[in-house]
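Here is the structure we will look at, set down as structure tokens.
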Amino acid sequence: MAKPGARTGDLRQIEAKWQSAWERDHVYVARADAGRPKWYSTVPYPYMNGYQHLGFGTSFLRAEFQSRFRRMLGYNVLHPQAFHCTGLPILGAAKRIAEKEPKQWEILRAMGIPDREVPKFADPMHWIEVFPAATMEDLKALGAAVDWTRSFITTPLNPPYDAFVRWQFHRLKDGGYVRIDKHPVIWCPKDQAPIGDHDRLEGEGETPMEYTLLKFPLADGRFLVAATIRPETVFGQTNLWVDPDAEYVVARVGDERWILNDLASKKLSEQGKSVAIESRIHGADLLGKDVVAPAINRAIPILPGSFIDQGRGTGIVTSVPSDAPDDYAALRDLQQDDRLLTKYDLDAERIRAIRPIPIIRTPGWGPLPGVEIVDRLGIRNQGDREKLEQAKAEVYKTGFYRGVLNENCGPYAGVRVEVAKDEIRKELTSKGQADLMYEPSGVVICRCMTTAIVKVVDNQWFLSYADPAWKARVHEAIASMDLYPEALRKWFDYVTDWLRDWPCAHHRGLGTILPWDANWVIESLSDSTIYMAYYTIAHALQGGALRSSVPWAQRLDDGFFDFVFFGSGSAKGVASHLGLEVELIEGLRQEFVYWYPVDLRNTGKDLVQNHMTFCLFAHTAIFPREQWPRGFAVNGWVRMAGRKMSKSRGNVWYIREAVREWGADVIRLTVANAGDGLDDPNVDMDFAESAKARIEEWLRFATSKHATRKDHHGIDAWFLSILSRSIQASRTAMEGMNYKAALRHGYFDLQASWSWYVRRSEGRPQVDVLRRFIDVQTKLLAPFVPHLGEEIWHRLGGDGFVVNAQYPESIAGEIDPRAETAEVLLQSTLADVREILKVTGIAPKRLALYTVPAWKVHVHRIARELAKQGPILMNVLMERALAEPGMRERAKEVAAFAKKLAEDLQHAKLDELDRFGSVDEFAMFRENLGFLEKELRVKVDVFRADDPKRWDPSKKADHAVPGRPAIYLE
RNA sequence: GCGUGGGUAGCCAAGCCCGGUCAAAGGCGAGGGACUCAAGAUCCCUUCCCGAAGGGGUUCCCAGGUUCGAAUCCUGGCCCACGCACCA
């Protein structure tokens with residue numbers, strides 16, 4: 001059994017060694033330097049409710065690779081990293097630990113927190129102490145090229161950052177980007193608080209949904225109120241449903257008296273209505289009476305329905321049996337139930353006469369989908385809940401997107417359901433026949449076990465992302481950015497249009513107090529949009545600590561930030577206010593001006609539609625155009641061995657585990673190879689295994705002695721040509737953040753070419769070529785495996801650090817198409833011989849190659865010339881070919897060959913045409929006889945096909961054409 | 001449903017924008033070989049089907065179309081992943 005520790009042990013020591021060397025020499029600490037071009041990469045700070053896993057690791061590394069690449073291109077590179085503690089999840093999780101909830105306990109244990117430590121996490125502060133430090137450790141162990149002097153945590157625990165967020169919100173408010181309005185939220189009536197996804201026992205992702213309240217006046221002027229999500233079906237109403245066994249209330253709502261259930265009255269009172277209950281009434285007492293249905297303004301009867309969910313809506317339901325399966329089933333039940341009709345003293349004849357009214361045409365459905373689906377699914381009665389739910393979902397979905405109202409829908413005839421729905425609601429509301437009510441889109445249960453309702457809060461602060469003028473500026477920003485991959489552009493444009501106003505403050509959670517309204521805490525996606533600017537000065541404000549204790553930084557005000565970021569106000573004023581030297585303040589201003597804007601911000605695709613787009617909104621609101629972000633990049637969700645990484649699957653892999661198991665360089669290489677673009681990158685353990693072996697082998701290879709030669713062979717030119725091309729391809733891929741492609745060009749393919757080169761050199765590479773190869777390969781790999789690179793670099797006596805070395809450049813003069821063409825010819829000939837051997841199964845004694853005869857070379861050359869000028873005309877080609885001496889004698893052969901050429905070369909590209917004829921095939925094969933004999937283990941002869949003295953027992957020589965010698969095997 | 005990205009050999013994946021050099025790179029896996037006392041590592045060969053001469057056949061989700069020529073362009077369809085919000 002191989003002991004993974006044994007060999008990775010070496011790598012681990014190497015990694016630790018160089019990590020401390022980099023730290024000792026402050027290699028990644030970046031300060032403004034007006035004499036050098038800058039590059040500024042960032043990754044959104046991760047949320048500190050646990051150790052970071054490889055998902056964050058991947059997003060981080062994809063930015064870090066770029067930072068390292070830019071560093072090697074000569075840029076002064078800033079790559080900072082902070083830690084996000086704002087918001088609800090830490091509080092929620094801490095509370096759950098305090099309550100000893102097993103699930104939360106298990107999550108911490110799964111991260112490797114020992115049992116005795118877990119209780120400490122009942123205090124939210126403990127999270128904020130443990131995880132930022134741990135994440136920093138993890139990233140350092142991963143070899144992160146980060147300037148840690150600029151790190152910090154968010155929230156008021158870090159006063160200068162808190163001051164920065166207040167400044168940001170003042171600027172947004174001054175710019176008119178903040179407004180206050182009503183807002184429906186999912187709400188726990190017991191806690192008297194909104195319930196975010198993280199605080200729900202059930203119902204993650206459910207949101208407030210608008211119901212239309214339809215008002216049905218009784219003869220006495222009171223209204224029965226029914227809730228529906230299908231106001232467009234009012235034209236098909238036949239009756240009203242009330243549960244005879246339920247209790248309802250009569251409530252004064254505004255100036256009216258409404259009848260609905262008690263729960264609904266409570267909900268409405270949370271939704272901005274004044275509701276006063278006056279009396280109670282049994283459902284049964286309402287039966288048999290008539291009400292006037294809204295929209296159709298017709299009298300319809302109140303009938304008993306037992307299917308009504310009293311927890312949803314008002315407990316009263318309007319009946320549209322044509323399109324609602326529930327209604328049809330209930331109607332059918334009633335029509336067939338004499339006992340019930342008698343019990344409630346209902347007009348049996350009238351009720352039995354009720355027929356569903358067709359109102360919507362939906363492709364694939366008959367005129368009465370409600371009836372149709374009840375029949376199709378074999379629904380027996382209104383108690384058949386499971387099937388009825390299925391039926392509703394099916395009918396509603398197709399009806400909504402495809403349905404069109406038909407001619408008995410008055411002014412809405414011919415209008416699509418999707419559109420009519422809103423128009424009808426608006427019309428009925430304006431006529432006083434309808435109102436609005438919110439319900440959660442699905443059942444939501446609070447952690448306190450209470451079922452949630454929707455509350456309309458009436459003083460919610462919003463960032464007005466819906467503002468068209470603001471959107472337009474964001475579109476401008478998007479248009480001017482570099483996006484990796486390019487497909488992001490469409491996505492960002494779409495999200496920008498789709499965003500509505502964003503509630504930017506809430507009542508709970510960690511965060512900055514809204515500066516003008518102390519009842520609110522700024523919400524965590526809203527405060528984290530321009531903090532990349534904070535990084536540029538963070539080294540001074542933080543004083544090297546995540547929570548600043550720099551005295552003057554505790555007292556920052558808007559004037560300070562106005563000066564540093566806008567250059568407005570006076571440095572002197574700001575300095576004296578803070579008790580500082582003017583130079584310090586001016587220096588900070590210079591840092592900001594130098595580093596901003598961000599050149600690259602990379603993240604997982606989950607942040608596209610919030611953080612990343614918010615970041616653009618905030619920048620366009622606060623900063624001038626020159627300081628808008630220059631580049632965004634996005635990667636997919638990390639998969640482990642082809643499966644999505646998730647806590648429930650138990651295949652979450654933390655950075656610390658990964659590094660412990662494989663070492664940093666292997667993980668880095670595996671992540672780089674996991675895949676580019678928006679597809680989900682796949683972290684492949686098999687690859688990691690072979691990557692480990694490969695880099696160990698590379699270390700060994702690069703640092704050991706080799707048998708070499710001093711003299712130059714033809715193959716040297718070939719390898720140098722390939723080397724230059726690899727460098728070029730690798731650079732291009734790096735620039736486009738296509739790391740998998742970069743590895744392919746700059747590592748795998750290059751290694752394969754080296755193998756071939758060594759084989760062609762009889763195991764003795766040319767000494768300078770070898771040295772060059774090791775140097776280039778080490779540098780091409782350095783962004784991915786910097787520790788290994790550093791080790792090699794130093795063992796070979798390199799100056800400084802390889803991570804600061806110049807990235808290799810291709811040398812145009814070394815690109816040698818002729819050498820490459822010759823090599824292709826040799827390889828393809830070898831492949832041809834092998835194929836013949838494979839197919840025939842013969843064990844050859846002797847191999848003969850016949851290179852193309854002179855006359856074919858001539859004809860080919862003429863054909864190429866003609867092909868460059870346009871379509872090849874056979875008569876012109878023949879005329880010119882036969883003009884050459886000695887051609888007339890073989891006119892027939894020439895004609896056959898010429899005809900074939902005319903076809904073959906017709907569509908060839910220019911550089912392809914030029915490549916032909918650049919190689920003296922005979923000389924090339926002669927030169928490489930030894931190689932061929934060794935490879936094929938057979939005696940090889942090379943003849944010119946037109947050599948009269950050739951050995952050619954089966955007349956193969958005629959088959960030779962340019963780029964393809966004839967082959968004879970005996 | 002809308003939006004976005006996809007569907008390529010056993011698996012992962014490149015190619016598609018810019019049609020021909022594509023039976024289609026690379027990696028992994030599998031098989032064979034070299035080296036070795038052996039294991040590992042490394043290197044070489046093979047890996048859609050047929051073939052006793054370098055060839056032929058059938059392929060790039062499906063069905064049509066454009067073209068001398070389609071994995072690539074167009075039309076229609078099927079399928080998959082992610083997102084659809086107040087929150088990280």
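Reminder, nothing fancy here: chain letters follow the sequence lines and each chain counts from 1.
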Whole angstroms only, please: what is the CH2-P distance between A/Trp461 and B/C87? 19 Å
Run the side-chain hydrogen bond (donor to acceptor under 3.5 Å, both in side chains) test against A/Arg668 and tell me which residues pass, sequence neighbours left out. A/Glu64
Complementary nucleotide for B/U72 - Watson-Crick or wobble, under 3.5 Å: none
Look at the side chain of A/Glu697 and decide which nucleotide, out of B/C82, B/A41, B/C43, has an atom nearest to it. B/A41
Using the C1' atom as the point on both nucleotides, what is the distance between B/A13 and B/A24, in whole Å? 12 Å
On RNA chain B, check which nucleotide each of A/Trp637 and A/Phe748 is closest to and give me the residue with the more 5' one. A/Phe748
Would you find more than 12 non-hydrogen atoms of other residues, nucleotides or ligands less than 6.0 Å from A/Lys471 atom NZ? yes
Report the nucleotide, chosen from B/C28, B/C87, B/G54, that has the shortest atom-to-atom distance to any side-chain atom of A/Glu835. B/G54
If you pin A/Asp749 and A/Arg937 to their nearest nucleotides in RNA chain B, which one's is more 5'? A/Asp749
Expressed as a whole number of angstroms, how long is the span from A/Asn673:CG to B/C11:P? 19 Å
B/G40 pairs with, by Watson-Crick or G-U criteria that keep both distances under 3.5 Å: none
Is it true that a side-chain atom of A/Arg489 and a backbone atom of A/Ile478 form a donor plus acceptor pair closer than 3.5 Å? yes
Do A/Lys845 and A/Val938 have side chains that get closer than 4.5 Å, going by heavy atoms? no
Taking the six-membered ring for Trp, are A/Trp520 and A/Phe462 ring centroids under 6.0 Å apart? no
So which nucleotide does B/G19 pair with, by the Watson-Crick or G-U wobble rule with both distances under 3.5 Å? none
The side chain of A/Pro503 is closest to which nucleotide in this list: B/C28, B/C86, B/G26? B/C86
In whole angstrom, give the distance that lies between atom CG of A/Asp952 and atom P of B/A53. 17 Å
Taking only the C1' atom of each, what is the distance from B/G31 to B/G10 in whole angstrom? 13 Å
Specify the separation, in whole Å, of atom CD of A/Glu762 and atom P of B/C43. 19 Å
Considering every strand and a 4.0 Å limit on heavy-atom distances, what is the contact class for A/Ser690: base, sugar-phosphate, or nothing? sugar-phosphate
Between B/G54, B/G26, B/A85, spot the one nearest the side chain of A/Trp502, thanks. B/A85
What nucleotide, of B/A13, B/C87, B/G54, holds the atom closest to the side chain of A/Lys740? B/A13
From the set B/G26, B/C87, B/U4, return the single nucleotide nearest to any side-chain atom of A/Lys490. B/U4
Are A/Phe701 and A/Trp698 an aromatic pair by the rule of ring centers under 6.0 Å? yes
A/Phe687 atom CZ is separated from B/G26 atom P, nearest whole Å, by 15 Å
Output the rounded distance in Å from CZ (A/Arg700) to P (B/A41). 11 Å
B/C43 phosphate, OP1 or OP2, under 4.0 Å from A/Arg694 side-chain N/O: no
In terms of side-chain heavy atoms of A/Leu525, which of B/G5, B/A53, B/C87 is nearest? B/C87
B/G55 P sits how many Å from A/Ile836 CD1, rounded? 9 Å
Can the ring centres of A/Phe492 and A/Phe632 be said to be less than 6.0 Å apart? yes
Considering only atom P, compute the distance from B/C79 to B/A25 and round it to an integer number of Å. 31 Å
A/Glu921 meets the salt bridge (charged side-chain N to carboxylate O under 4.0 Å, His left out) criterion, sequence neighbours left out, with none
Would you classify A/Phe462 as touching base, sugar-phosphate or nothing, given that sugar-phosphate means primed atoms plus P, OP1 and OP2, and contacts are heavy atoms under 4.0 Å? nothing
Which is true for A/Arg759 with a 4.0 Å heavy-atom rule: it touches a base, it touches only sugar-phosphate, or it touches nothing? sugar-phosphate
Base, sugar-phosphate alone, or nothing: which one does A/Pro965 contact when heavy atoms must sit under 4.0 Å apart? base
Say we look at B/A85 and B/G27: how far apart would their C1' atoms be, to the nearest angstrom? 39 Å
Counting side-chain heavy atoms from C-beta on, which of B/A53, B/A85, B/C87 comes nearest to A/Trp498? B/A85
Ranking B/C86, B/G27, B/G3 by distance to the side chain of A/Tyr494, first place goes to B/G3
What does A/His84 touch in the nucleic acid at a heavy-atom separation under 4.0 angstrom: a base, only the sugar-phosphate, or nothing? sugar-phosphate
Regarding A/Leu499, tell me which of base, sugar-phosphate or nothing describes its non-hydrogen contacts under 4.0 Å with the strands shown. base
Both distances under 3.5 Å, Watson-Crick or G-U wobble: report the partner of B/C2, or none. B/G83
Separation between the C1' atoms of B/C78 and B/G19, rounded to whole Å: 26 Å
Please say which of A/Leu525, A/Val474, A/Leu463 ends up in a side chain to side chain contact (heavy atoms under 4.5 Å, CB included) with A/Phe614. A/Leu525
Looking only at side-chain atoms of A/Gln609, point me to the closest of B/G83, B/A14, B/A52. B/G83
Using the P atom in both, what is the distance from B/U72 to B/C60, to the nearest Å? 8 Å
Considering only atom P, compute the distance from B/U59 to B/A52 and round it to an integer number of Å. 24 Å
Determine the interatomic distance between C1' on B/C43 and the same-named atom on B/C50; round to the nearest Å. 31 Å
Under 4.0 angstrom, heavy atoms only, what part of the nucleic acid is A/Leu969 near: base, sugar-phosphate, or nothing? base
pair_partner(B/A30), Watson-Crick or wobble, both distances < 3.5 Å, evaluates to B/U46
note: A/Asn738, atom CG; B/A13, atom C1'; distance rounded to Å ~ 13 Å
